[in-house]
Amino acid sequence: MVKYDKFMLDNGLTVLVHRDSTTPMTAMNLIYKVGSRDEQPDKTGFAHLFEHLMFGGSVNIPKYDEPLQRAGG
């Protein structure tokens, strides 16, 4: 079991902190709880589906990653 502290910032962000003093390394993971505010329980995951379709390219942008990377993404 991993022990951690959990608290909420004034802006509503939930923070989980696990300290491991056996290593001099620091790591951070940032996870967003996103989705439509009005999403229906039986119709979830459409944004994720469209994200995958977008990265698959299209007729107008066959390689989506290239223009995104040129823009610094």
Side-chain angles (χ1 to χ4, degrees):
M1 180 174 176
V2 176
K3 293 187 178 187
Y4 61 89
D5 294 315
K6 180 178 179 179
F7 55 94
M8 187 176 290
L9 300 180
D10 292 338
N11 65 1
L13 180 71
T14 302
V15 179
L16 304 174
V17 178
H18 166 70
R19 183 179 175 123
D20 181 353
S21 58
T22 64
T23 179
M25 183 172 46
T26 298
M28 182 181 112
N29 292 311
L30 182 62
I31 302 172
Y32 292 96
K33 189 186 281 186
V34 298
S36 172
R37 177 175 36 169
D38 302 319
E39 190 170 64
Q40 298 174 20
D42 62 334
K43 295 180 182 174
T44 62
F46 285 103
H48 193 201
L49 170 65
F50 292 134
E51 174 190 14
H52 281 277
L53 293 173
M54 179 178 68
F55 288 121
S58 70
V59 173
N60 297 322
I61 305 175
K63 294 186 178 179
Y64 182 82
D65 289 344
E66 288 178 10
L68 183 64
Q69 289 173 356
R70 284 195 303 267

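Sequential numbering from 1 along the given sequence is applied to the chain's residues.
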With the 4.5 Å side-chain cut-off for hydrophobic clustering, are Leu13 and Phe7 part of the same group?
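Shared cluster, yes.
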Say whether Leu9 and Val17 are linked into one hydrophobic cluster, either directly or through other cluster members, by side-chain heavy-atom distances under 4.5 angstrom.
yes
Could you check whether atom CG of Asp10 has more than 12 heavy atoms from other residues, nucleotides or ligands sitting under 6.0 Å from it?
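No - once you tally the heavy atoms of other residues, nucleotides and ligands closer than 6.0 Å, there are 12 at most.
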Test item: His18 side-chain N/O and Lys3 main-chain N/O as donor-acceptor pair under 3.5 Å:
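Yes: the side chain of His18 pairs with the backbone of Lys3.
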